Structures are given as structure tokens and as C-alpha cells.
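One structure below.
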Amino acid sequence: MMTLSFLQTPSAAQVPGLPLRAGLGLKNEHFTEVLDTCPDIGFFEVHAENYMVAGGPFHHYLGLIRAQYPLSLHGVGLSIGGENPLNREHLARLATLIERYQPQAFSEHLAWSTHGPVFFNDLLPLAYDVAALNRVCEHVDQVQSTLKRPMLLENPSTYLQFQRSTLDETDFIGEIIRRTGCGLLLDVNNVYVSCINHQRDPLTYIDALPLHAVAEIHLAGFAEDTDSLGERLLIDDHGAPIDNAVWQLYEHVLARTGPVATLIERDNQVPAFSVLLAEAQQAERHLSRGRP
Amino acid sequence: MTVKHRSLSAASLVLALSSALSLSALSTSAHAADDMQKCFGVAEAGKNDCAAGAGTSCAGTSKTKDQANAWKLVPAGTCTQTPSTTSSTGFGQEAAFTAKS
Amino acid sequence: MSLLEDFAAALLASDQACPAGLFSSNGADPASRFAVYRNNVHGSLINALATAYPVTLQLVGDEFFRAMAGCYVQASPPASPLISEYGATFSGFIQGFEPAASVPYLADVARLERLRVRAYHAADALALEPQAVLQQLQTHTELGTLHLQLHPSLATLDSRYAVVAVWAAHQTEGAIATLNPWHAQGALVLRRGLEVKVFAIDSGSVAFIDSLNQGAVLEKALAHALEASAEFDLHQCLALLINQAAITHLSLEHKVSP
């Protein structure tokens, strides 16, 4: 059984990984500025799929930046929460990329993005029942044994719930971590977005998670919309500065976990690098307050 | 023109090539580029970043409205600024488009 | 039908139906929430096409482009998680997209933009120094049987329209007013170092380069080029390839031509 082989390796949270500092999502529009200015940043994170290309500037610049900074590889296309078997070709591409860049962390999402022949390019929600739990655990096992390293699983931001769900999201995540030994990538913005959208208390949600397994934190901004009742519907668009409510939740998490590698994500309306750097510095101030 | 004739002329051109290329070896690249500009029309402008295409994102896209019905729209970009062809087909003219209803 | 099957089908469906079995804890209509996912899927894929085809977009305007791209997304959603590869068939779709027929060169501009993205991410390969190529060309006595390996990023396009001129006019201010798209033009796209370059070439050069890329020896490629255009200038075309560091390997091949 695949799970057993993994019980013998240390859990993701204990493996020497990313520095306990703030990092930034690396955007190609910032490649040369990063190399020219060598900013004081704990690490960079890239989306694995963007580097699944044969050659050219992306590999050129990532190679140079990797030589100077720790790296987190963040997958967005594995569809771990999907009903179909994992795409072996994609998994092989991931293994190649990990071999090439030796990242300090590899993470993916508790979501699905492929069904049948179609890749939807979005992180889609799943029903939390026993069948889905078994499926996700098998997928996480398969990823970890193929990549020969523990992975981190990210909690999702969602806009809807399934009537078929029989487990709380936090229990679902807790059980995956218990069974597979994977780490938790705690996206605090996702917690806030989901909790507002589903009328949950974010503090209670956070406290119900297996916080001992947190190996990385994500912070980002959201957009606001309204649903059919005219009530707040938050959209995880990574297109704005981090909201105050999310900074407060972050403080709450750090008080329980101690310092954790923290990524600032910005994927839409990407501002000047200096703006992102300032947000990273703000995260570092939170991190240093949490140090003993 | 027969195939035999074509391949003969190709062969003779290849034969002439080595001496022709030795001349170009002497010409510096700056001069050669000028010649080439005339014959090929060099178009190298454009920000290179734009050639990267799109990447993935783990974020949603908010508040986009993509509900427009393409069959009722008329191209309305820079194509309207280019001169129309003089050919009778009417290419490039907005009037040539009839919307499907 | 499985749970995700319903969900997946509704994401791409042209009606606005929401799959069963979903709810919002505040009692809001689940359709108003499901719309976010539908919007994410369509919006992100349309954005991906808009990023990969910037001149195609400018030619027809944002509203038209997004509506056209939306039709394409529904007809040909991605089959792979590699978004850099999405849209490989977009130009073919544009070709047959009736509302765009008033801009007949649109599909070829899209083809050119596709070649630029492809070149940007193509495999790396060390090119031969121009001097080294010349030296080899001068020392070989059987030039006709020479096999030229070209850079993996290199590709051509043959158009009935001035596809390079149209593309180039969108790279500088004020160039569109004097643009004449109504003549045939070929394009050569390649990456030199980290930069993607676009050249206007004639139909003979397109035939010559394509033949080389398909493995033809020099003499054979030249015959193809002359077939395409009697005015093909071998010297000019080779000089372009040499100066742009497009040749990665030279070898003599004594294989029998098909």
C-alpha cells in the first residue's frame, strides 16, 4: 500500500524547506528587475505549468533566479480533487521540473481542474464525502511516491457547497494530512473568502485545521461581488492588495504556528515590483513579531 | 519548365554559392543588414515579453462580462484604419459584413 | 452521471443552467454563485487568448475579440493544463468565423502570433557562428548535398496578405495609417538568444526554409524554392539565416532523395 511507504518519511512540516520568511510569486514581467536589484526576499514561487516549456527565456531567467533564491513550485493543473485518474504525463513533467530546479517545496490544490478531455483552467470545488476523501488520498500518495517527496496541499476558496458533502472542509483536510503525511499550505485569503461566502467564522475554521502541518502560508487580495440576495460574494482574484481582515487572520495563525514561510500572491493587475516588495516586508514584520 | 531543367539550375546555383558567400563573408553585418532590410523588410519591433503568451493562474477572474454575441458584432479595431482593397471583393470594408440574426 | 460530470458540462454549456445538488449557505440562488465558476473558466481562457494574440485583438477591437474568443473557448476548450499551448487551432477557427470575414488577413496575423509564442518557448540550441558556417560552406565541395539543421524556434508562414507589415504596424505608433495589407508576404519567425524576431520574406524563401526544416538537402530545398518563385535569391536567404544565427548544424548527407 502506497500510504505505508510514506509513513516512514517525516511529514512535510518537518522537512527542511522554505526559509521562515516572506516570499513573492515570480512574474515574468519582473525577471530582469529581480536579477538587476537582487531584492532581499526569502524565496520565490512559480507556477509549475508555466515552466513546462522546452526552453527560452522562462528557463533562462528561472535558472538564474533559482541560483540566488530558494524556490517554491506551485502546481495549478494536477486536478488532485478530480474524479479521473491523475494525468501521468503531467506528473512526469512535474518530476522533470523538480529534478531540474530542486525546489524547497512543491504544493498543489484541493480542487479539480480537469474532467474527461477538458482542462478548465480554474480551481473547481468538490463534494466532501468519503469517496472523495479516499480518491484525494490516493492521488496525494501517488504524487508523493512519484515525486519522492512530501507535497503541500492548499485549502480552497469556494463559492458554493455540495448537498452531498458529509464532512466539514477542515475535517476533510485534516484526514488527508493524517493519512498521507502531506503538509498544509494554508491560504489565509482562501480561508477568509470561503468563510465569508459560506457564513462561517474564519477563526473557528482556522482552529479546526491541523495547524501542526502548516509548512507554507499564502496571502493575497480578493474582489467583491454580490450574489442573488445582494450579499457579499468574495472572489479570490489575487488582483488587489491583501485585505486588513486577512492580515488579522494571518496574525491569528502565526500566534498558533510560529513563523511560517509566507507567500504574497498577485496574479491579476500585477503592480510594480516595489509594491509587492512592500507587502512582503509587511509580512516579514508580522513574522518577526511571532519569533520567540 | 521540366523538373530536369529546374534541378539543373538549382545545381548550378549551388555551385555559384561558395564564391558568392565568400564575398558576403567579407561584408560586415551592419552593411549586410542594410541590404537585407531592402530585400526582406526587417520587422523586429515589439516587446519581447508579449511573445510569452499567457501563463496559468490560481486566481479567479472577477467581474468580467463576456456575454456579447459575436454574431451581432462588427470588427471595430485598427482594421478599420487600414485602406480597403481596390479589388471587387470588398475585403476590409465593414459594409461587406452582414450580421446573422 | 457523476457529480463532477454535471458540473463540468454546465461550465461550458451555452445556456446559463446551474447543476443540481449545489447550495449557498445564505440561501442565495446557487446559479448566482455558479456563475462565478463559469466566468472564471471563460474569462481566464479568453484572457489567455487575448494575451497570446495581442495584434489580432487590436485589429478587431476588444469587444469583438472577446466575443470571438468566447465562441472558440466553447468550441475548443483546452485539452491540456499547459496554457501556453492553448489556442493552437485559434487561427483556423478565425478563418472560418464568418463575422470576421471582413478582415481576411486576421487568421494569418493570428498564425504569426502563434509562431511567436511557439518560438519564445521553443527548445534552446546553440547556433553556429556566422563565420563558422561560411567557412564550412566554402570548404565543402558537394554543397548540393549539404544538410542544414535550423534552430528549433524557427518557423515560416506564407500569406496572401502583408502579414508581417500588419503585425509590425502595431508595434510602432502611427504606422497603421500608411499600411497596405493587400499584397502577399511570407514571414520568418525565430528566437535569437532571448528575443523573438519576425522577418518579412518572399514565397521562395518560405519554400526553401520549409524544405530545409523537413530535412531536404540544399539542392533539393533550392529546387523547391525556385518552384515557388523564379525570383528566389539563394544568397539573400542564406545570408539572413546565417546572420540571424538560425543554423545549428551543418552536415553532408548522402541519402537517396525520395
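Worth saying up front: this structure is predicted, and the values here are computed from it rather than measured. Lettering of chains follows the sequences in order, A, B, ..., and the numbering in each one begins at 1.
In this structure, CG on C/Asn40 lies 7.0 Å from CD1 on A/Ile235, to the nearest 0.5 angstrom. With rounding to the nearest 0.5 Å, the separation of CG in C/Asn47 from CG in A/Asn268 is 7.5 Å. Rounding to the nearest 0.5 angstrom, the gap separating the CZ atom in C/Phe23 from the CZ atom in A/Arg164 is 13.5 Å. Separating the CG atom in A/Asp237 from the OG atom in C/Ser44 is a distance of 12.5 Å, to the nearest 0.5 Å. Rounded to the nearest 0.5 angstrom, C/Arg38 CZ and A/Asp122 CG are separated by 12.5 Å.
Of the listed residues C/Ser24, C/Pro77, C/Ser80, the one with more heavy-atom pairs under 4.5 angstrom with chain A than any other is C/Ser80. Chain C forms more heavy-atom pairs under 4.5 Å with one residue of A/His59, A/Glu49, A/Glu89 than with any other, namely A/Glu49. The candidate with the highest count of non-hydrogen atom pairs below 4.5 Å against chain C, out of A/Phe119, A/Phe58, A/Phe120, A/Phe162, is A/Phe119.
Under the 4.5 Å side-chain criterion, counting only non-hydrogen atoms from C-beta, A/Arg200 is not in contact with C/Ser25. At a threshold of 4.5 Å between non-hydrogen side-chain atoms, the residues A/His60 and C/Asp124 do not count as touching. Side-chain atoms of A/Asp225 and C/Val36, non-hydrogen and from C-beta on, never get closer than 4.5 Å to each other. When side chains are defined from C-beta on, C/Tyr120 does not count as touching A/Val53, because their heavy atoms never get closer than 4.5 Å.
Using a 4.5 Å cut-off between heavy atoms, C/Val41 contacts chain A through both its backbone and its side chain. Both the backbone and the side chain of C/Leu22 come within less than 4.5 Å of a heavy atom in chain A. Residue C/Ser84 touches chain A through its side chain alone, counting heavy-atom pairs closer than 4.5 Å. With a threshold of 4.5 angstrom between heavy atoms, A/Thr158 approaches chain C through its backbone and through its side chain. Using a 4.5 Å cut-off between heavy atoms, C/Ala122 touches chain A through its backbone atoms (N, CA, C, O) alone. Interface remark: A/Asn197 contributes backbone and side-chain atoms alike to the contact with chain C (heavy atom separation under 4.5 Å). Residue contact with chain A, scored on non-hydrogen atoms closer than 4.5 Å, involves the side chain of C/Leu11 exclusively. At a 4.5 Å heavy-atom cutoff, C/Tyr86 makes no contact with chain A through either its backbone or its side chain. Neither the backbone nor the side chain of A/Leu78 has a heavy atom closer than 4.5 Å to any heavy atom of chain C.
Checked by atom type and distance alone, the side chain of A/Gln199 pairs as donor or acceptor with a backbone atom of C/Asn26 at under 3.5 Å. Panel note: side chain C/Tyr37, backbone A/Tyr159; a donor-acceptor pair is recorded below 3.5 Å.
More than 12 heavy-atom neighbours from other residues, nucleotides or ligands sit within 6.0 angstrom of CD on A/Glu175. Other residues, nucleotides and ligands contribute more than 12 heavy atoms inside 6.0 Å of the CD atom of A/Gln68. By the 6.0 Å contact criterion, CD on A/Gln102 is enclosed, its count of non-hydrogen atoms from other residues, nucleotides or ligands being greater than 12.
Near-neighbour residues of residues 106-117 of chain A relative to chain C, defined by a heavy atom under 4.5 Å from a heavy atom of that chain, comprise A/Trp112, A/His115, A/Pro117. Within residues 91-98 of chain A, the residues approaching chain C closer than 4.5 Å by heavy atoms are, in numerical order, A/Arg93.
For the pair A/Ser228 and C/Ser32, the tightest heavy-atom approach, listed with the atom from each and the gap, is N-OG, 3.0 Å. Scanning both residues, A/Ala127 and C/Leu3, for their nearest heavy atoms gives CB-CD2, 3.5 Å. Closest approach of A/Leu229 and C/Gly27 over heavy atoms only: CD1-C, 3.9 Å. Shortest non-hydrogen contact noted between C/Arg191 and A/Gly55 is NH1-C, 4.3 Å.
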Next item on the list: Given side chain to side chain contact (heavy atoms under 4.5 Å, CB included), test A/Leu233 with C/Arg33 step by step and report yes or no.
Entry: CA-CA 8 Å; A/Leu233 181 64; C/Arg33 304 285 193 96; 3.3 Å; yes

